[in-house]
Trainee: 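My questions all concern the structure below.
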Amino acid sequence: MRIDLHTHSDRSDGTTSPAELVRHAVERRMDVLAITDHDTTAGWAQATEAALEAGLTLVRGLEVSCKLAGHGVHLLAYLPDPTYEPLAHELERILDGRNARLPATLDKLRDIGIDIEESDVRRIAGDAAAMGRPHVADALVDLGVVEHRGQAFDSYLGSRGPAYVHRYAAPLEAMIGVVAEAGGVSVIAHPWAKRHNFDALDEEGLAALKDLGLSGIEVDHQDHDARTRDTLRGIARNLDLVVTGSSDFHGDGKVDHDIGCNLTDPEEYARLVELARDAARVAGRSTPEVLAP
Ligand SMILES: [Zn+2]
Ligand SMILES: [Zn+2]
């Protein structure tokens, strides 16, 4: 069984439509795919239709922009009821913050002599639910300012870059609770990736989050080297957290992240789905099921 639980479409900052994402997963011989756009469920309907047609098992999820102790943390939320008011409200707040951030980012870029307009970014962003830094990065590539997205973040858009603008992110601890109340399960995405805060996400920190309802951690991710993966796997075992492995596919938006480059063990996947069933039962909400052909 080939299972990939973390991918993006152009409804956030990927470059393929949700339907193309599903078809690409089929080409890559995937059995289970999760669509997890940033802070939006806007791709769910199209991905659902394509998955039913292609006979692919689809897990509907999203990747929520959170913060913990002042640092950004990405939280993968699987199978929550997206109409649960507190969840919808937080997602709206995050997306509003991201849209407000764009003009400020462009002002800062122009301040340092880079000639870029909102229309340059809009052309790149297409159907995205919100225009974010990856779209600005792609526009900078398009304008020939940098060679690739990573360089745009390193030189300009990252948290230490001259064009960085702070924006709203949901408090992580509260968001874990909200996802549970919405009948879903939470997994911390790439907890020890470079740009994130791994001090607050050490074993003690993760234990505290587990007490709040965290179900798992993404261990096998391209931003984790072999040693990091081993350490995180050990922590997950100690804390009885589900271990996931995924590509974090973004289409052409991220190199070396093709669908299926990391996989989730079928037993771990089964545990996660079981936990989601429990959460849905406790929440008593109408949550999306895993869509199996
Ligand atoms: Zn992420
Ligand atoms: Zn992601």
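Counting starts at 1 for both ligands and their atoms, following the listed order.
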Trainee: How about Glu63: does one of its N, O or S atoms come closer than 2.8 Å to the Zn ion (ligand 1)?
Mentor: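 It does: Glu63 brings an N, O or S atom closer than 2.8 Å to the Zn ion (ligand 1).
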Trainee: Name whichever N, O or S atom of His6 ends up nearest to the Zn ion (ligand 2).
Mentor: NE2
Trainee: Looking at Ala170 and Met175, what are the two nearest heavy atoms and their distance?
Mentor: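 Scanning both residues, the minimum pair turns out to be CB-CE, 3.7 Å.
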Trainee: N/O/S atom of His190 under 2.8 Å from the Zn ion (ligand 1), yes or no?
Mentor: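 Looking at His190, which is the residue asked about, there is an N, O or S atom under 2.8 Å from the Zn ion (ligand 1).
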Trainee: Among the N, O or S atoms that Asp248 has, which is closest to the Zn ion (ligand 2)?
Mentor: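 Considering only N, O and S atoms, Asp248 comes nearest to the Zn ion (ligand 2) through OD1.
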Trainee: Start with the C-alpha gap between His6 and His190, add the side-chain angles, then the distance that decides, and say whether side-chain contact (heavy atoms from CB on, under 4.5 Å) holds.
Mentor: CA-CA 10 Å; His6 181 173; His190 44 72; 4.1 Å; yes
Trainee: With distance as the sole criterion, is a donor-acceptor pair present between the side chains of His24 and Asp258 under 3.5 Å?
Mentor: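 Distance-only check passes for His24 and Asp258.
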Trainee: Strictly under 2.8 Å, is any N, O or S atom of His8 next to the Zn ion (ligand 2)?
Mentor: yes
Trainee: Do Asp4 and Ser247 pair up side chain to side chain, a donor and an acceptor below 3.5 Å, judged on atom types alone?
Mentor: yes
Trainee: Which residue in the set His74, His38, Arg98 passes side-chain hydrogen bond (donor to acceptor under 3.5 Å, both in side chains) when paired with Ser65?
Mentor: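 Single pass found, and it is Arg98.
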Trainee: Tell me, please, if His250 has any N/O/S atom, main chain or side chain, under 2.8 Å from the Zn ion (ligand 2)?
Mentor: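 Checking His250: none of its N, O or S atoms is under 2.8 Å.
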Trainee: Using only heavy-atom distances, determine whether the side chains of His221 and Asp248 contain a donor-acceptor pair under 3.5 Å.
Mentor: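 Result is yes, a qualifying pair exists.
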Trainee: If the cut-off is 2.8 Å, does any N/O/S atom of His74 fall short of it from the Zn ion (ligand 1)?
Mentor: yes
